[in-house]
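We number each residue from 1, following the sequence as shown. For the numbers below, each heavy atom of this structure counts, side chains included, while hydrogens, waters and symmetry mates do not.
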Amino acid sequence: MAWIVLVLSGLLETAWAVSLERSAGFSRPLPSVVFLITLVLSMLGLAYALRDIPIGTGYAVWVGIGAVGTAGYGMVALGESASLARIACLLLVVAGVVGLKLFH
């Protein structure tokens with residue numbers, strides 16, 4: 001269960017990062033509220049998962065999911081560069097996350 005919560009919390013990290021950008025420095029109310037809610041839920045999920053998963057592994061997996069999700073969102077939805085080099089780097093992050101899970 002801890003791993004499922006950790007993955008969901010990583011996805012929520014992507015949501016709060018995107019909402020933070022959309023809030024335009026907290027000048028837009030709806031994205032600002034979404035940011036706060038997803039931030040709190042993401043942190044609560046991380047805290048829950050870290051009861052059973054070592055902090056080094058859990059935090060790295062959480063950050064990795066959030067980083068890959070946020071970068072992927074930027075490439076797909078915001079037209080950010082999707083060069084082969086960037087995608088290869090994101091795949092390396094995914095490989096690291098999978099490795100941490102496998103060797104946990």
Side-chain angles (χ1 to χ4, degrees):
M1 183 65 160
W3 282 101
I4 293 169
V5 171
L6 183 64
V7 169
L8 292 174
S9 295
L11 294 173
L12 285 169
E13 183 187 3
T14 297
W16 68 250
V18 170
S19 298
L20 180 61
E21 187 272 330
R22 297 277 185 189
S23 76
F26 300 114
S27 65
R28 298 178 60 212
L30 182 58
S32 298
V33 169
V34 172
F35 163 76
L36 289 172
I37 291 169
T38 54
L39 175 69
V40 168
L41 291 174
S42 181
M43 292 295 168
L44 288 172
L46 176 62
Y48 174 84
L50 292 180
R51 295 187 323 186
D52 294 324
I53 300 170
I55 189 167
T57 301
Y59 184 73
V61 168
W62 180 77
V63 168
I65 292 168
V68 170
T70 304
Y73 178 85
M75 287 184 223
V76 171
L78 303 178
E80 294 178 4
S81 171
S83 69
L84 187 58
R86 287 189 72 184
I87 292 169
C89 290
L90 289 175
L91 289 174
L92 288 171
V93 173
V94 171
V97 167
V98 170
L100 287 171
K101 166 63 173 123
L102 291 175
F103 300 113
H104 163 66

- request: Determine whether Val18 and Phe26 fall in the same hydrophobic cluster, where Ile, Leu, Val, Met, Phe, Trp and Tyr are linked whenever their side-chain heavy atoms lie under 4.5 Å apart.
  value: no
- request: Grab the two heavy atoms, one from Leu100 and one from Ala60, that are nearest each other, plus how far apart they are.
  value: CD1-CB, 3.5 Å
task: Would you confirm whether Thr70, through its side chain, and Ala67, through its main-chain N or O, come within 3.5 Å as a donor-acceptor pair?
output: no
field: Point-to-point distance, once rounded to the nearest 0.5 Å, from CD1 of Ile4 to OG of Ser9
entry: 11.5 Å
task: Please name the pair of heavy atoms, one in Val7 and one in Ile65, separated by the smallest distance, quoted to 0.1 Å.
output: CA-CD1, 3.8 Å
Test item: Ser23 side-chain N/O and Leu20 main-chain N/O as donor-acceptor pair under 3.5 Å: yes
field: Joint cluster assignment, Val61 & Val63, ILVMFWY side-chain distance < 4.5 Å
entry: yes
- prompt: Just how far is it from atom CG of Leu6 to atom CG of Leu11, taken to the nearest 0.5 Å?
  reply: 10.0 Å
- request: Check whether any side-chain heavy atom of Val34 lies under 4.5 Å from a side-chain heavy atom of Arg22, and answer yes or no.
  value: no
statement: In short, Ser27 meets Ser32 closest at the heavy-atom pair N-OG, 4.4 Å
- prompt: Hey, is CG on Leu84 packed in by over 12 heavy atoms from elsewhere, all under 6.0 Å?
  reply: no
field: Transitive ILVMFWY side-chain link Val93 to Phe103, under 4.5 Å
entry: yes
query: Shortest non-hydrogen contact from Ser42 to Glu13?
result: OG-N, 3.7 Å
- request: Would you kindly confirm whether Val40 and Phe35 end up in one hydrophobic cluster when ILVMFWY residues are joined by side chain heavy atoms under 4.5 Å apart?
  value: no
query: Val97 and Trp3: same hydrophobic cluster, using ILVMFWY side-chain contacts below 4.5 Å?
result: yes
message: If I compare all heavy atoms of Trp62 with all of Gly10, which pair ends up nearest, and what's the gap?
response: CD1-N, 3.5 Å
query: Heavy-atom distance under 4.5 Å between the side chains of Leu91 and Ile87, does that happen here?
result: yes
- line: Distance col, row Leu46:CG vs Leu8:CG, nearest 0.5 angstrom, shows 12.5 Å
- line: OG1 of Thr57 to CG of Leu50, rounded to nearest 0.5 Å, is 9.5 Å
- prompt: Just how far is it from atom CG of Leu78 to atom OH of Tyr73, taken to the nearest 0.5 Å?
  reply: 5.0 Å
field: Smallest separation among heavy atoms of Ala2 and Ala49, with atom names
entry: O-CB, 3.5 Å
